[in-house]
Every structure is written in structure tokens, then in C-alpha cells.
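In what follows, chains are A, B, ... by sequence order, proteins preceding strands, each numbered from 1. Quick caveat: nothing in here was measured; it's all calculated off a predicted structure.
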Amino acid sequence: MGRRSKLRRGGRAITAIPGGFLHLSLLASLRRRPSLQAHAQLLLLGLPLPAPTASRLLRPHLRSGNPSASLRLFLRVLRDRDCDRRPCPVDSQEDVPDSSSFSAALAACSRHASPSPGFSIHAFLLKSRFASNVYAANSLLHFYGSFGLHSLAHKLFDEMPTRDTVSFNTLISSYVQSCCIHDAFEVFRIMVESGLRPDGWTVTALLGACAELQDLRAAKAVHGVARRMLEPQVFHSGEVATSLVDAYVKCRGMELARQVFDLAEDNARNARLWTTMVSGYARAQEFDIAQRLFHEMPEKDTVAWTALIGGFVRAGRYKEAVVLFEEMEEAGFEADEATIVTVLSACVGYGNIDLAKRLHCLVGRDGLINRNAKLATTFVDMYAKHGCIQTAQEVFSGVDDDFKTLELFNAMINGLARCKFGEKAIALFDEMGSLGLHPDKITFVCILSACRYSGLVSQGFRIFDSMEEKYGVKPEIEHYTCMADLLARDGQLDNAYIFIQNMPFKANSVVWSSLVRACMLHGNIKIRKLAEEQLLQLDPNYKPENLPLSNLFSEGKRKERTARVRKFLNHKPVCKHTK
DNA sequence: ATAGGGTTAG
């Protein structure tokens with residue numbers, strides 16, 4: 001361990017006094033001057049840091065803003081303790097991070113772009129004396145859930161010595177988020193059986209499951225459960241009312257949603273409940289009612305505006321969406337991340353280039369786009385889809401590494417694939433691991449598509465073969481489709497045919513028609529007949545002229561429609577803040 | 001101390 005007591009900065013040596021005092025005064029200055037945060041934290045990284053100080057330093061920072069730097073610091077502290085290999089004094093509160101800093105750190109891990117810091121903290125937690133602390137364990141549960149690692153979450157849950165309502169709620173939400181609805185209800189059953197009373201969070205999670213399934217009957221059943229099992233004041237709260245309305249809306253039960261809304265008491269009728277109703281009517285394409293309700297809404301906010309704008313976008317009424325956005329700005333509401341994402345798709349649909357550029361400027365200011373993966377992903381996706389792959393890449397590489405998420409990589413790889421930059425896509429794919437990001441099944445669809453559009457046969461198979469053994473992602477029919485098409489486009493039509501027949505899935509019409517198309521291209525009549533027989537079995541009305549060549553056509557049409565968009569987008573936004 | 005809620009969507 002290189003323990004330095006002197007740090008150099010700008011030619012001036014700062015003498016550090018080992019011990020807590022310096023840290024505490026730094027901490028104080030850090031609170032007062034946010035601009036110093038990054039520097040002060042770097043300074044601290046070079047110092048031996050007493051753990052209690054670290055805890056005090058970290059707790060407020062891990063909760064808000066950019067937790068990445070704080071997380072690095074926390075891990076550093078943990079490693080320092082670990083390297084010392086001192087026997088951990090069981091009763092001593094000294095020199096060891098306390099349990100609440102583990103919770104705070106894990107909460108930060110859940111919001112981090114990559115799961116790796118969370119894995120490390122789990123390891124340290126196991127060695128600490130808080131391994132069975134229910135707060136720490138619940139935070140860990142939430143961490144696994146937030147990265148969709150529900151099997152790890154469940155394993156952890158099974159091993160927890162104590163479980164409380166929060167543990168159950170967290171596991172249920174984890175399953176709902178991974179669309180394992182059946183498991184979510186199963187956990188709920190066990191929860192009730194073990195005598196724990198569900199609370200508002202439980203009901204909300206279950207209603208989320210009903211909404212996901214679009215199962216109106218299930219939503220009604222959960223409504224009944226809530227009425228019977230919740231404390232009356234919880235049942236009548238705005239939170240529960242909002243989840244009920246949200247579930248009914250998503251299950252297309254507007255009348256029921258309206259009933260809940262009408263019956264809600266005044267204190268439960270908050271902005272969220274209003275917004276849910278507005279967005280519900282907008283989803284149901286009842287724009288008159290949605291707008292009337294929106295105007296009746298006592299305290300509109302950015303989210304409510306965004307909900308209505310989003311309704312118009314979803315209905316393809318882009319012009320109205322853009323007009324509404326302008327009204328919103330005039331009324332003095334500031335666009336947030338969701339607004340930008342929503343309005344951007346309206347711009348693309350409506351061909352409003354000036355607004356798209358203005359939005360890019362808006363998020364380029366203060367480098368917002370460089371620290372917000374969702375924004376960056378939307379812009380990367382938009383630029384790539386319009387063939388502005390260079391601008392897409394600029395947006396991508398502008399994002400700080402700590403903020404690069406799996407979705408962002410997927411969007412960039414997908415963009416490179418579509419523009420036939422296969423090699424670049426593979427390079428990017430290889431880069432993910434170093435940021436602690438694990439490719440998922442979507443990543444593989446993108447990267448294998450990159451190979452097929454660029455004719456990279458051997459690389460494609462190398463990656464395909466590594467999917468399960470190296471990355472633990474089981475190939476699905478989409479991946480097999482890519483591989484069959486990769487072979488077919490390469491002219492290996494016999495191999496493609498054999499490959500399709502040996503797939504562990506029943507080939508669908510997508511697979512066969514891509515083979516027919518490749519046969520037409522390479523003039524292979526024998527395989528084409530075989531493929532067409534299969535297509536006829538799948539669809540007795542199959543005719544070669546109905547073959548979904550539409551891909552090609554629509555691509556051509558899309559290109560034409562977006563040519564104008566691209567022309568403008570290729571010029572960087574005229575904005576000094578961007579970049 | 002630990003968890004979500006309404007807006008984003010190819």
C-alpha cells in the first residue's frame with residue numbers, strides 16, 4: 001500500500017496529517033462547495049482514510065447526485081481495511097464502515113450504470129459483521145433486482161436469516177421488473193402465509209404485475225385484496241389510488257380507473273393521481289377528455305405536460321405534440337429528461353429539425369447528456385437511425401465511462417450494425433467488459449446483426465459460440481435467425497438450410513423468407529424450393545410476390561423520408577454548449 | 001437506515 005502523506009497539486013505540496021481531522025474539515029468544505037467535490041474526493045483517494053470518517057463522508061453523497069466517485073472511495077476504504085487483515089473487532093464501532101453506510105453504498109450501486117461495484121460490496125459485506133443485517137440485505141436484494149438478476153436476488157432471499165416486509169416487497173418488485181409475474185404472486189402467497197401483512201408497497205408491486213399482464217381481472221382481485229388487507233388510511237392514500245388507476249389504465253379499464261379517481265378523497269388527489277388519469281385517457285385516445293382533465297388539474301407540473309405530449313406522440317399526432325411542447329415552454333415549465341425523449345420522437349416523426357437541434361443544445365448545455373445515459377441513448381439511437389453515425393458516435397464517446405449503460409452500448413452497437421460498421425461494432429462489444437458491463441440477449445442480437453450485415457462469418461460464429469459458455473446468455477430464436485441469415489447472405493445456402501433444420505427452435509416465416517431472399521440473390525433454385533415449401537406450410541396463402549421484401553422497400557421509403565432529416569442532422573447543432 | 005409511485009418505448 002503506497003501511503004502518501006504528501007500530494008502535489010498545481011506545484012504546491014499539501015501536507016496531509018494522517019488521521020480523521022483533515023478528512024472532517026475536507027468534508028465540511030465539500031458540503032459547502034459542490035464544485036470542490038471531485039477534487040476533494042480525489043485527494044482523499046490518496047490518503048489512508050479512517051472508516052468512520054468515510055461513512056460520514058459517504059452517506060450524504062451516495063444518496064444523491066453522482067454516486068460514482070463516492071462509490072470508488074467507499075470501495076477503496078473497504079479494500080484498505082481488507083488489506084490490513086486485522087482481526088475485525090466485533091464490538092468495536094471504530095475503524096469499520098457501519099451498516100448504514102453499506103445500505104447507502106448499495107443504494108448507490110443500484111443506480112450505478114454497471115453492477116460491478118455492487119458485487120464487490122457484496123463480497124465485503126459478507127466478510128463484515130453486517131452480513132446478516134436486514135437493512136443491508138434488503139439493499140442488496142434491491143441491487144440485484146435493479147439489474148434484473150432475480151435468481152441471485154432469490155438465492156440471497158432464501159439465505160437471509162431474517163426477513164421483513166421490505167424484503168418481501170423488494171423481491172416481489174424484482175420479479176415484476178423481470179416480468180416473472182408468476183413468481184411475484186408466489187412470493188406474495190408465501191408472504192401472506194408466513195403471517196406478514198402486505199402494505200402499500202406490496203399492493204403497488206402486484207398491481208404493476210397486473211398492468212404488465214394487462215389482466216383486468218387480476219387487477220380487480222388485487223384491488224379486493226388491498227381493500228381487505230390494508231390499513232384503511234393506507235388503502236385510501238394517494239399512493240395506492242395512483243397504482244390502482246395506473247393498473248386499470250394499462251388493462252384498458254378506464255371506467256374502473258375513473259371510479260377510483262372519483263371516489264378518491266381530496267388528500268389523495270395529488271398531481272400523480274391526476275397525471276395518471278390524463279395519461280390514461282390519452283392512451284385510450286380520448287384526447288378531448290384527457291385535455292379537459294389536464295386543464296382542470298389544479299397544479300400542473302412538467303410530468304403532467306409530458307404525459308399529455310406523450311399521448312399525442314404515441315398516437316402519431318406529432319404536430320399537436322410539438323405545439324403542446326411549445327405551449328409548455330411558454331407557460332414556464334422546464335423540460336426534463338422524459339420530456340426531451342418524448343418530444344424528440346415527435347421531432348423525428350414530424351420532421352422538425354430545428355427543434356431536434358434545439359433539444360440537443362438543451363441537453364448539451366452543462367454536459368447533461370454526458371452524465372445521463374437515457375438521454376444519450378435516445379440521441380445515439382436517433383442519429384444512428386438517420387444514418388448520422390458519426391454524430392451518434394460523438395454523443396456516445398462524450399458520455400463519461402461511469403454513466404455508460406448496457407442500453408447505451410446496445411444502441412451504439414445496433415447503430416454501427418445498421419450502417420455496416422461490423423468491425424467497429426465488434427471492437428465496441430469487446431470494450432464493454434472493461435467497464436463491468438455484461439452483454440445481454442439484445443446485445444447479442446445487435447452484434448450478430450452487425451456480423452451479418454457486414455459479412456463477418458467467422459467472427460459471427462466465434463461470438464455466437466461464446467454466448468452461453470462465456471457470457472451465460474442462452475441463444476434464442478432471434479440469434480439463430482441472425483446466424484442462418486449470416487450464412488445465407490454469404491452464399492452458403494446449403495449450410496444455412498442445414499443450420500436451420502438443426503436449430504433447437506422451430507423455424508418461423510422470418511427465417512425461411514430470409515433464406516428464400518438469399519436464394520434469389522444467389523440463384524439457388526434447389527434450396528429456394530425447399531424453403532418455399534416450409535413457408536407454404538406456415539402460411540397456405542404464401543406467394544413469392546408477397547414475400548416480405550417489404551424490408552427493402554420500407555428501408556428505401558424510410559431513407560427517402562428521412563433524407564431531409566439527415567441532411568440537417570449531419571451538421572452539428574449550431575450551439576456553443578454542445579461538446 | 002433499507003423499497004415505488006406519474007411521464008420515455010424499437
Is the ring centre of [X] less than 6.0 Å from the ring centre of [Y]?
X: A:Phe294; Y: A:Trp305; value: yes
X: A:Phe403; Y: A:His112; value: no
X: A:His122; Y: A:Phe143; value: no

From C-beta outward on [X], which listed nucleotide comes closest to its side chain: [options]?
X: A:His142; options: B:dA3, B:dG6, B:dT8; answer: B:dA3
X: A:Arg283; options: B:dA1, B:dT8, B:dA3; answer: B:dT8
X: A:Trp201; options: B:dG4, B:dT7, B:dA1; answer: B:dG4
X: A:Thr204; options: B:dA3, B:dG4, B:dT7; answer: B:dG4
X: A:Thr342; options: B:dA3, B:dT8, B:dG6; answer: B:dT8
X: A:Asn138; options: B:dA9, B:dT2, B:dT7; answer: B:dT2
X: A:Ala307; options: B:dA1, B:dG6, B:dT7; answer: B:dT7

Calculate the interatomic distance between [X] atom [atom1] and [N] atom [atom2]; express it in whole Å.
X: A:Ile413; N: B:dG10; atom1: CD1; atom2: P; answer: 19 Å
X: A:Asp199; N: B:dA3; atom1: CG; atom2: C1'; answer: 9 Å
X: A:Glu407; N: B:dT8; atom1: CD; atom2: P; answer: 17 Å
X: A:Trp305; N: B:dT8; atom1: CH2; atom2: P; answer: 17 Å
X: A:His386; N: B:dG10; atom1: NE2; atom2: P; answer: 11 Å
X: A:Leu344; N: B:dG10; atom1: CG; atom2: P; answer: 10 Å
X: A:Glu337; N: B:dG6; atom1: CD; atom2: C1'; answer: 14 Å
X: A:Lys250; N: B:dG4; atom1: NZ; atom2: C1'; answer: 12 Å

Measure distances between side-chain N and O atoms of [X] and base N and O atoms of [N], and say whether any donor-acceptor pair falls under 3.5 Å.
X: A:Thr276; N: B:dG6; result: no
X: A:Ser139; N: B:dA3; result: no
X: A:Asp301; N: B:dG6; result: yes

Can a side chain N or O of A:Ser345 be found less than 4.0 Å away from OP1 or OP2 on B:dA9?
-> yes
Within the structure, does a side-chain N or O atom of A:Arg314 lie under 4.0 Å from either OP1 or OP2 of B:dT7?
-> no
Please work out if A:Ser173 contacts a base, only the sugar-phosphate, or nothing of the nucleic acid, heavy-atom cut-off 4.0 Å.
-> nothing
Would you classify A:Gly238 as touching base, sugar-phosphate or nothing, given that sugar-phosphate means primed atoms plus P, OP1 and OP2, and contacts are heavy atoms under 4.0 Å?
-> nothing
Shortest non-hydrogen contact from A:Val313 toward A:Ala346 = CG2-CB, 3.8 Å
Cation over ring face, A:Arg227 and A:Phe235, 6.0 Å, 45° |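 Ring-cation test returns no.
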Is it possible for you to check whether A:Arg418 lies under 6.0 Å from the centre of the six-membered ring of A:Tyr453, through NZ or CZ, and within 45° of that ring's axis?
-> no
